[in-house]
A.B. asks: 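The following block contains the structure, expressed as C-alpha cells.
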Number of protein chains: 2
Amino acid sequence: MTTRTARAQAPAGYDPSQFPAFAVTVDIVILTMVQGELQVLLVRRGQAPFDGMWAVPGGFKLPTETLDQAAQRELVEETRVDAASLLTQFGAYGDPGRDPRMNVVTVAYLAVLRDVGTVVAGSDAAEAALVKVADVLDGSVELAFDHLRIVRDALARVRVELEVSGIATAFVGTTFTLAELRSVYEAVWGVHLDGANFRRSIVAEQGWVIPTGRHAQSGPAGGKPAELFRAGRAWKHGGPIRRPRRLTKGK
Amino acid sequence: MTTRTARAQAPAGYDPSQFPAFAVTVDIVILTMVQGELQVLLVRRGQAPFDGMWAVPGGFKLPTETLDQAAQRELVEETRVDAASLLTQFGAYGDPGRDPRMNVVTVAYLAVLRDVGTVVAGSDAAEAALVKVADVLDGSVELAFDHLRIVRDALARVRVELEVSGIATAFVGTTFTLAELRSVYEAVWGVHLDGANFRRSIVAEQGWVIPTGRHAQSGPAGGKPAELFRAGRAWKHGGPIRRPRRLTKGK
DNA sequence: CCCGGTTCTGGTCGATATGACGTGAACTTG
DNA sequence: CAAGTTCACGTCATATCGACCAGAACCGGG
C-alpha cells in the first residue's frame with residue numbers, strides 16, 4: 001500500500017488541512033481488590049460492534065482537555081471517585097481496524113482504587129461490574145476490541161509499579177495494616193511473602209507508609225492487634241517512569 | 001466549559017459520526033552517542049508555527065498502519081535505519097493547543113542508534129542534525145511544540161531501560177568492549193562507574209552481552225587489549241514494561 | 001630492551017540487603 | 001485459663017554491592 005496520504009514526513013512541511021482523521025479516546029483500567037482477588041471494572045456494551053460484550057470504560061478526548069484530564073473525567077463519571085494522582089498513562093493503541101467503524105487511537109490509563117464496589121452503582125454506564133482479572137486473562141470473560149491486550153499491559157504495569165512506588169496503598173483504605181498491604185502484593189504478584197521480611201522492607205522504604213499511633217482490632221481468629229499505617233505520598237509522579245538506580249557504582 | 005461534544009461517556013452508547021477529529025502523529029526521539037556525548041536527532045522546521053525551530057522528527061499515523069509501524073516508517077525515512085526491535089513507545093501527548101493549527105495527539109517513541117551521524121545526510125527532511133541532549137535540556141536549543149517535555153520523558157525512559165534491559169548495546173557497534181558499553185551508562189546516568197564492578201554485573205546478567213573470542217586493539221595510550229562482546233538478544237519486548245521482581249520473598 | 005604509564009581483568013574485603021526462621025507479645029474463643 | 005492465631009522483633013546464613021588492589025597486557029620513550 002502507498003503511504004503519504006498527507007505527506008507522511010511532517011512536521012517539516014505538511015498541509016494542515018490534509019491528514020487522516022482519528023477519534024481519540026481514553027480507556028481506563030480500573031483495578032481494585034476484593035477479598036484478596038484482583039478485579040477490574042468493566043462496562044457492558046449496549047450496541048454494535050461487540051454488542052453485549054464487556055469492555056474497559058472509556059470515552060472520547062475533547063479538544064479542550066488534556067489526556068490526563070480526559071482520563072480524570074472518565075474516572076469520575078464511572079466511579080464518582082476524584083483522585084488525580086493515581087492515574088497513570090501506560091500505553092497508546094491504534095491498530096487499524098481495532099474499531100470497525102472508524103479510526104480510533106486510544107490512550108490507556110491505569111487507576112488503582114479501594115473498594116470501588118459500592119461506587120459502581122453510581123455509574124452512568126448502562127451496566128458496570130467488577131470482574132476478576134484472572135477470568136479476563138484466561139478468557140472466561142471475553143472483552144471487546146483489543147481490550148484484553150490493554151488489560152494485560154495494565155497488569156504488567158501495576159506489577160512494576162508496586163515495586164518502584166508505593167502505589168499499593170491505593171488498593172487499601174486510608175489506614176491499613178501491613179497484612180492488608182501485603183495481601184495486595186501477594187495478589188498482584190501471585191506469590192507468598194513473609195510477613196516479617198515484608199515489614200522490614202516496607203518500613204525501610206522512605207515515604208511509603210507512615211505509622212499512625214493506633215492499632216486495628218483483632219480478626220475473628222484473634223491474634224495480636226496490628227499496627228495501623230497510612231499512605232506516604234511517595235507515589236505521585238507525572239511523566240512516564242523514573243528511578244535511575246545503578247547497576248554498579250564507582251567512587 | 002461544557003464537555004460532551006459526542007456523549008463523552010462511550011463506548012456504551014455513542015454516535016460514531018459525532019466525535020472530535022484529531023490528527024494522530026508519531027514522534028521519535030532518536031538518541032545516539034557521539035564521543036561520550038548523548039545526542040538527539042532533530043529536524044529544523046520549515047514553516048509556521050515554530051518556523052526555523054528544531055523539532056523531534058515525526059509524522060502522521062495512517063489508518064492502515066499500527067502505531068509501531070508508523071514509528072518504524074518514520075525512523076526509516078529519517079535515518080534509513082531498519083531495526084524494529086529498538087523502538088519503544090513511551091508516552092502520548094495531547095494537550096490542547098500543543099499545535100495551534102489543529103487538534104493533534106502524538107504518540108512518542110524512543111529509538112536508540114549507534115553512529116547515526118553518517119546516516120543523517122540521507123534524510124528526506126529539509127535539515128537534520130544531531131544536538132547534544134544537554135543543550136536541549138538547559139534551553140540552549142529551543143524546541144518546537146511540547147517537544148522539550150517529550151525529550152525529557154524519553155531521557156527518563158532510557159535511564160530506566162538501561163537498568164532493566166540490555167538496550168545499552170544499541171548505542172554501540174555490533175561488537176564492542178565493556179569500556180565502550182560502560183561509557184554509555186556513564187553518559188546517560190551522569191555518573192562514574194567502576195570498571196571492574198561493571199564487568200561483574202554485566203556479565204552476570206543473562207543474555208545482555210556475549211563474548212566473542214576476539215580482542216580489540218589497544219588505544220593510543222596503550223593498555224591491555226579489551227575483550228570484544230556482541231549484544232545478547234535480551235532487549236526485544238513489545239508492550240509497556242515487565243520485570244516483577246520481589247520486594248521480599250517468602251517460602 | 002627496559003621502564004613508566006595506561007587499560008583491562010580477576011580477586012579480596014567489608015557493608016548492606018535478602019530469604020528463612022524462631023520466639024515472645026497480645027489478642028481471640030472455648 | 002488453655003489453646004490457637006496474628007503480629008512484632010530478632011537472629012543467622014547467604015548474596016549482592018561498592019571500594020579497592022594487583023597482575024596481565026599493551027603503549028611510548030629513553
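All chains are named by letter (A, B, ...) in the order of the sequence lines, taking the proteins before the strands, and each is independently numbered beginning at 1.
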A.B. asks: Run the salt-bridge test on A:Glu180 and A:Arg114 with the 4.0 Å N-O cut-off and return the result as yes or no.
C.D. replies: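 Salt bridge flag = no for A:Arg114 with A:Glu180.
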A.B. asks: Between atom CZ in B:Phe229 and atom C1' in C:dT9, what is the gap in whole Å?
C.D. replies: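 Between C1' of C:dT9 and CZ of B:Phe229: 10 Å.
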A.B. asks: Report the distance from atom NE2 of A:His215 to atom C1' of D:dA8, rounded to the nearest whole Å.
C.D. replies: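 To the nearest whole Å, that distance equals 10 Å.
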A.B. asks: Could you state the CG-C1' distance from B:Leu228 to C:dT9, rounded to the nearest angstrom?
C.D. replies: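 Between C1' of C:dT9 and CG of B:Leu228: 15 Å.
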A.B. asks: Mind listing the N/O atom pairs, protein and nucleotides 10-15 of chain C, below 3.5 Å?
C.D. replies:
residue, atom, partner, partner atom, Å
C:dG10, OP2, B:Arg199, NE, 2.9

A.B. asks: Can you pull every protein N or O that's under 3.5 Å from an N or O on nucleotides 25-29 of chain D?
C.D. replies:
residue, atom, partner, partner atom, Å
D:dA25, N3, B:Lys224, N, 3.2
D:dC26, O2, B:Gly223, N, 2.9

A.B. asks: Are B:Trp189 and B:Arg159 side-chain neighbours, meaning at least one heavy-atom pair lies under 4.5 Å?
C.D. replies: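 SC-SC contact between B:Trp189 and B:Arg159 confirmed.
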A.B. asks: Assign the ring pair A:His147 / A:Phe145 to parallel, tilted or perpendicular, where the plane angle (0 to 90°) is split at 30° and 60°.
C.D. replies: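 Taking A:Phe145 first and then A:His147, their aromatic rings sit tilted (interplane angle of 30° to 60°).
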A.B. asks: Distance check needed: C:dT18 P versus A:His192 NE2, whole Å only.
C.D. replies: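 Atom NE2 in A:His192 sits about 21 Å away from atom P in C:dT18.
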A.B. asks: Where the side chain of A:Thr212 meets the backbone of A:Leu228, is there a donor-acceptor pair that is under 3.5 Å apart?
C.D. replies: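 Flag set: sc A:Thr212 to bb A:Leu228 pair under 3.5 Å.
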A.B. asks: Output yes when a side-chain donor or acceptor of A:Tyr185 lies under 3.5 Å from a complementary backbone atom of A:Leu162, and no otherwise.
C.D. replies: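 Indeed, once roles are kept as given, a pair shorter than 3.5 Å links the two residues.
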A.B. asks: Is it true that a side-chain atom of B:Asp194 and a backbone atom of B:Asn197 form a donor plus acceptor pair closer than 3.5 Å?
C.D. replies: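 Yes; judged by distance alone, with no hydrogens or angles, the pair exists.
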A.B. asks: Between B:Gln89 and B:Asp68 (side chain of the first, backbone of the second, donor and acceptor by atom type, cut-off under 3.5 Å), is there such a pair?
C.D. replies: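 No; judged by distance alone, with no hydrogens or angles, the pair does not exist.
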A.B. asks: Round to the nearest Å and state the distance from A:Leu193 atom CG to C:dT18 atom C1'.
C.D. replies: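 Whole-Å distance recorded here is 13 Å.
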A.B. asks: Tell me every residue that passes side chain to side chain contact (heavy atoms under 4.5 Å, CB included) with B:Ala221, counting only those two or more places apart in sequence or in another chain.
C.D. replies: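 Once residues adjacent in sequence are excluded, B:Ala221 has no partner under the side chain to side chain contact (heavy atoms under 4.5 Å, CB included) criterion.
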A.B. asks: What's the CZ-P distance between B:Phe198 and C:dT7, to the nearest Å?
C.D. replies: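 After rounding, the gap between these two atoms is 17 Å.
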A.B. asks: Tell me the interatomic distance from A:Glu205, atom CD, to C:dA17, atom C1', rounded to whole angstroms.
C.D. replies: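 It is 12 Å, rounded to the nearest whole Å.
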A.B. asks: Hey, does A:Ala204 reach any base, or is it just sugar-phosphate, or nothing, if we go heavy atoms under 4.0 Å?
C.D. replies: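 Nothing, no heavy atom under 4.0 Å.
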A.B. asks: Would you please test A:Asp27 and A:Tyr93 for side chain to side chain donor-acceptor pair (under 3.5 Å) and show each step?
C.D. replies: CA-CA 10 Å; A:Asp27 287 338; A:Tyr93 301 82; over 6 Å; no
A.B. asks: Rounded to the nearest angstrom, tell me the gap between atom CZ in A:Phe176 and atom P in D:dT6.
C.D. replies: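 In whole Å, D:dT6 P lies 20 Å from A:Phe176 CZ.
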